[in-house]
Amino acid sequence: MNRVVAHELIHAFDHCRAHVDWFKNVKHLACSEIRAANLSGDCTLMNEIARFKFGLKGHHQTCVRDRAIRSILAVRKVSRETAEKAVDEVFDACFNDLEPFGRIPHSKTDAKRAYKDFLNRDRYTANL
C-alpha cells in the first residue's frame, strides 16, 4: 500500500512542479511514470523477486522502463510502439530526476536519509 501511495504522490508532485499535460502530451505522462516507478519502490529487488523477474546488471532501469510503458498503456489509448518511443525519448532525463527525494529510496533507511537531507537542505546557506 505504501508503494501505491508513494507512486501517486510522485505524480501529484510532478503535476504541481512541472505542470504536466496528462491528456495531450504522452512524453509528460511517460516522464511522470518513469519517475514514479523509479522513486516509489515499484522496482525494488524484493518486489521483482516476488514477480519472478530479476537480473543482475541494469535490472532496475529495465524494470522502471517496463513499468512505465505498462502504466501508459493502462491509462491511454496508444500503441505499444508509441508508448515505448515516448519512454525511450525521455528516459535518461526523467530517470535521473530524483526530486523531491534526492536519492532513490530503496529502503526505509534511504527514506530516512532523504528526509534528513531535506531538513538540512538550507543549513549551509542560511547564514549567508
Side-chain angles (χ1 to χ4, degrees):
M1 181 64 140
N2 290 339
R3 283 191 329 263
V4 174
V5 172
H7 184 104
E8 297 307 322
L9 286 173
I10 291 165
H11 288 315
F13 179 83
D14 288 345
H15 182 75
C16 294
R17 176 186 72 159
H19 308 291
V20 178
D21 186 354
W22 300 103
F23 302 107
K24 294 180 184 173
N25 192 333
V26 73
K27 288 182 187 178
H28 286 188
L29 177 61
C31 188
S32 189
E33 290 297 348
I34 290 166
R35 286 177 31 74
N38 188 25
L39 298 172
S40 67
D42 287 346
C43 292
T44 61
L45 181 62
M46 294 310 295
N47 289 337
E48 287 299 282
I49 289 172
R51 294 179 189 125
F52 299 106
K53 289 181 158 187
F54 52 91
L56 296 176
K57 188 172 181 181
H59 183 75
H60 182 74
Q61 290 88 339
T62 303
C63 173
V64 168
R65 182 184 180 278
D66 293 345
R67 293 193 64 80
I69 291 169
R70 287 179 54 207
S71 292
I72 293 168
L73 293 174
V75 299
R76 295 282 296 274
K77 284 195 171 200
V78 296
S79 68
R80 182 165 190 85
E81 293 77 27
T82 302
E84 288 174 353
K85 182 180 177 192
V87 167
D88 289 340
E89 286 178 6
V90 299
F91 188 83
D92 289 334
C94 298
F95 184 81
N96 292 313
D97 181 2
L98 304 177
E99 290 300 323
F101 302 116
R103 68 178 75 224
I104 299 172
H106 290 292
S107 65
K108 287 183 181 180
T109 304
D110 283 341
K112 287 178 184 177
R113 286 184 188 140
Y115 182 65
K116 275 187 171 179
D117 291 345
F118 172 76
L119 292 176
N120 294 321
R121 71 190 179 281
D122 296 324
R123 180 177 173 197
Y124 297 106
T125 59
N127 294 326
L128 297 179

Would Glu99 and Arg17 count as a salt bridge (Lys or Arg N to Asp or Glu O under 4.0 Å) if you check the C-alpha gap in whole Å, the side-chain angles of each, and the deciding distance to 0.1 Å? CA-CA 10 Å; Glu99 290 300 323; Arg17 176 186 72 159; 5.6 Å; no
Would you check, one step at a time, whether the test side-chain hydrogen bond (donor to acceptor under 3.5 Å, both in side chains) holds for His15 with Trp22? CA-CA 9 Å; His15 182 75; Trp22 300 103; 2.9 Å; yes
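By the 4.5 Å heavy-atom criterion applied to side chains, Arg113 and Lys116 are not counted as neighbours. Between Arg35 and His11, the closest side-chain pair of non-hydrogen atoms is not below 4.5 Å. Counting only heavy atoms from C-beta outward, the side chains of Phe95 and Arg65 never approach each other to under 4.5 Å.
When hydrophobic clusters are built by joining Ile, Leu, Val, Met, Phe, Trp and Tyr residues whose side-chain heavy atoms come closer than 4.5 Å, directly or via intermediates, Phe13 is not grouped with Val64.
Counting all heavy atoms, side chain and backbone alike, Ile72 lies closest to Ala83 at CG2-CB, 3.9 Å. The minimum heavy-atom distance between Val87 and Ala68, with the atom names listed, is CG2-CB, 4.1 Å. Closest approach of Asp14 and Val20 over heavy atoms only: O-CG2, 3.4 Å.
Partner Val90 forms a side chain to side chain contact (heavy atoms under 4.5 Å, CB included) with one of Ile34, Val26, Asp97 and no other, that one being Ile34.
For the atom pair His7 NE2 and Leu39 CG, the distance stands at 10.5 Å (nearest 0.5 Å). Atoms CD and SG, from Glu33 and Cys94 in turn, are 11.0 Å apart once rounded to the nearest 0.5 Å. To the nearest 0.5 Å, the span separating CG on Asp21 from NZ on Lys27 amounts to 13.0 Å. Between the CD1 atom of Ile69 and the CD atom of Glu81 there is a distance of 10.5 Å, given to the nearest 0.5 Å. Expressed to the nearest 0.5 Å, how far CG of Asn25 lies from OG of Ser32 amounts to 12.0 Å. Between the CD atom in Glu84 and the CG atom in Leu73 there is a gap of 8.0 Å [rounded to 0.5 Å].
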